[in-house]
Amino acid sequence: MRPLATLVFLGVVALAAASPSAVSAQTLLLDYVGFDYEDPDPIPAQFGELGSGYVGVGEVPGLFAPLVSDTITFEYTYHISGLTSVSVTPAGQFIIIDYSGGLLSVYEDSRASGTPFQYAPNPPNGAVPGTFTDGTPFLIGTLSGFQIIFNTVNGTGSYEGVYSVTGGSQLGNIPVDRRTGWTFAGITSNSTQIPEGYHHQVDGQIFLNQPTPARTSSWGRIKATYR
């Protein structure tokens, strides 16, 4: 567990993200957007309760070197699975949820002959996650240290984990010494456009950080990021 440390870390990352020097110091692997839901969901009225499973599905509009992609011919989708809530820690208006290890897979599906993805309501169902996983495995990997910080007042949050590439058609394009240690991170929002049966809209990236000069900020400004 790292409640306070993670709050500080994510606050600093959020502030630094606006800095051009910080962006240039990252190696971006992919950018994704989508929605999350829980399966299993022992207490439907709660989010992140012990034993609940975190699942994410969505599209991957941005794929970057060393990945080789063709977004004109193919659609790219992702599926997060296998994450189970193992610890829930209240912290004021926040809850900090830690999960067991899981998987993140990206699929490549033909736009001409494949099945377009669809956010069918109340997943899992015949279309979810099926229409997000019916293509060729493009990038397969594991997620570890996955943690969500959720604001119970406004329904927003942030998350992070460590991604390690283990398979998929692109495995050979990624140097062996760069297959582990990727940061998987993003934000969740309580959008009015969330399909029925999903919890949040999510938006995030997988990137590899490079050393950058420290950027100082006040604790008050860091806390304000999550209000």
Side-chain angles (χ1 to χ4, degrees), residues 1-17 32-58 78-106 122-124 128-129 140-166 179-191 194 197-209 219-220 222-227:
M1 284 298 299
R2 7 158 224 185
L4 183 59
T6 304
L7 282 170
V8 175
F9 170 77
L10 289 178
V12 172
V13 169
L15 293 173
Y32 61 91
V33 293
F35 297 94
D36 62 17
Y37 63 93
E38 291 184 304
D39 181 36
D41 190 5
I43 308 177
Q46 295 184 19
F47 173 75
E49 70 273 21
L50 292 176
S52 62
Y54 183 87
V55 184
V57 292
Y78 75 88
H79 178 222
I80 299 171
S81 62
L83 294 167
T84 301
S85 172
V86 295
S87 175
V88 181
T89 305
Q93 70 189 53
F94 302 95
I95 55 173
I96 302 169
I97 311 165
D98 287 276
Y99 291 83
S100 64
L103 300 173
L104 168 63
S105 303
V106 177
N122 300 310
V128 182
I140 306 296
T142 60
L143 283 173
S144 60
F146 187 75
Q147 183 184 78
I148 295 176
I149 299 176
F150 183 68
N151 187 325
T152 59
V153 175
N154 61 22
T156 64
S158 61
Y159 55 88
E160 64 165 320
V162 177
Y163 185 64
S164 297
V165 182
T166 60
R179 292 178 181 174
T180 61
W182 293 87
T183 296
F184 173 82
I187 58 174
T188 69
S189 62
N190 191 16
S191 169
I194 297 175
Y198 299 80
H199 281 288
H200 313 104
Q201 186 176 42
V202 299
D203 187 351
Q205 299 175 330
I206 296 178
F207 58 90
L208 192 65
N209 271 329
W219 171 235
I222 291 172
K223 289 192 294 183
T225 304
Y226 295 92
R227 291 176 180 164

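Residue indices begin at 1 and follow the sequence shown.
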* Asked: Which atom names give the shortest non-hydrogen contact between Tyr99 and Gly48, and what distance separates them?
  -> OH-CA, 4.0 Å

* Structure fact -> Taken in chain and number order and not counting sequence neighbours, the residues that satisfy side-chain contact (heavy atoms from CB on, under 4.5 Å) with Asn190 are Ile194

* **Interatomic spacing from CD1 in Ile148 to CG in Asp36 - rounded to 0.5 Å** => 6.5 Å

* To do: Return the minimal non-hydrogen interatomic distance between Ile206 and Tyr163, and the atom names on each side.
  => CD1-CD2, 3.9 Å

* To do: Could you tell me which residues satisfy side-chain contact (heavy atoms from CB on, under 4.5 Å) with Thr152, sequence neighbours excluded, listed by chain and number?
  => Gln93, Ile95, Phe150

* Report yes if the side chains of His200 and Thr156 come closer than 4.5 Å at any heavy-atom pair, otherwise no. => no

* Mind listing the closest non-hydrogen atom pair of Gly181 and Ser164 along with its distance? => N-OG, 4.1 Å

* To do: Among residues two or more places apart or on two chains, list those pairs meeting side chain to side chain donor-acceptor pair (under 3.5 Å) that have a residue in residues 42-53.
  => Glu38-Ser52

* **Close side-chain approach of Thr142 to Leu103, heavy-atom, < 4.5 Å** => yes

* To do: State which residues pass side chain to side chain donor-acceptor pair (under 3.5 Å) with Tyr78; sequence neighbours excluded, sorted by chain then number.
  => none

* Structure fact -> Here the pair of heavy atoms bringing Tyr198 nearest to Val128 is OH-CG2, 3.3 Å

* Structure fact -> With sequence neighbours left out, the residues meeting side-chain contact (heavy atoms from CB on, under 4.5 Å) with Ile140 are Ser105, Pro137, Thr166

* Got a second to check how far Asn154's CG is from Ser189's OG, nearest 0.5 Å? -> 10.0 Å

* Where Gly197 and Asn122 come nearest, the two heavy atoms and their spacing -> CA-OD1, 3.5 Å

* To do: Please name all residues satisfying side chain to side chain donor-acceptor pair (under 3.5 Å) with Tyr37, sequence neighbours left out, ordered by chain then number.
  => none

* Can you find a heavy atom in the side chain of Ile80 that is under 4.5 Å from one in the side chain of Phe146? -> no

* Run through Thr188, Val33, Ile187 and flag the one making a side chain to side chain contact (heavy atoms under 4.5 Å, CB included) with Val202. => Thr188

* Report the residues that fulfil side chain to side chain donor-acceptor pair (under 3.5 Å) with Asp41, sequence neighbours left out, ordered by chain and then residue number. => none

* side-chain contact (heavy atoms from CB on, under 4.5 Å) with Thr84: which residues, sequence neighbours excluded? -> Ser100

* His199: what forms a ring-ring contact (aromatic ring centres under 6.0 Å, His included) with it, not counting sequence neighbours? -> Phe47

* Structure fact -> Minimal heavy-atom distance between Val57 and Pro129, with the atoms involved, is CG1-CB, 4.1 Å

* Asked: Checking ring-ring contact (aromatic ring centres under 6.0 Å, His included) for the pair Tyr159/Tyr54: CA distance, chi angles, key distance, verdict?
  -> CA-CA 12 Å; Tyr159 55 88; Tyr54 183 87; 7.0 Å; no

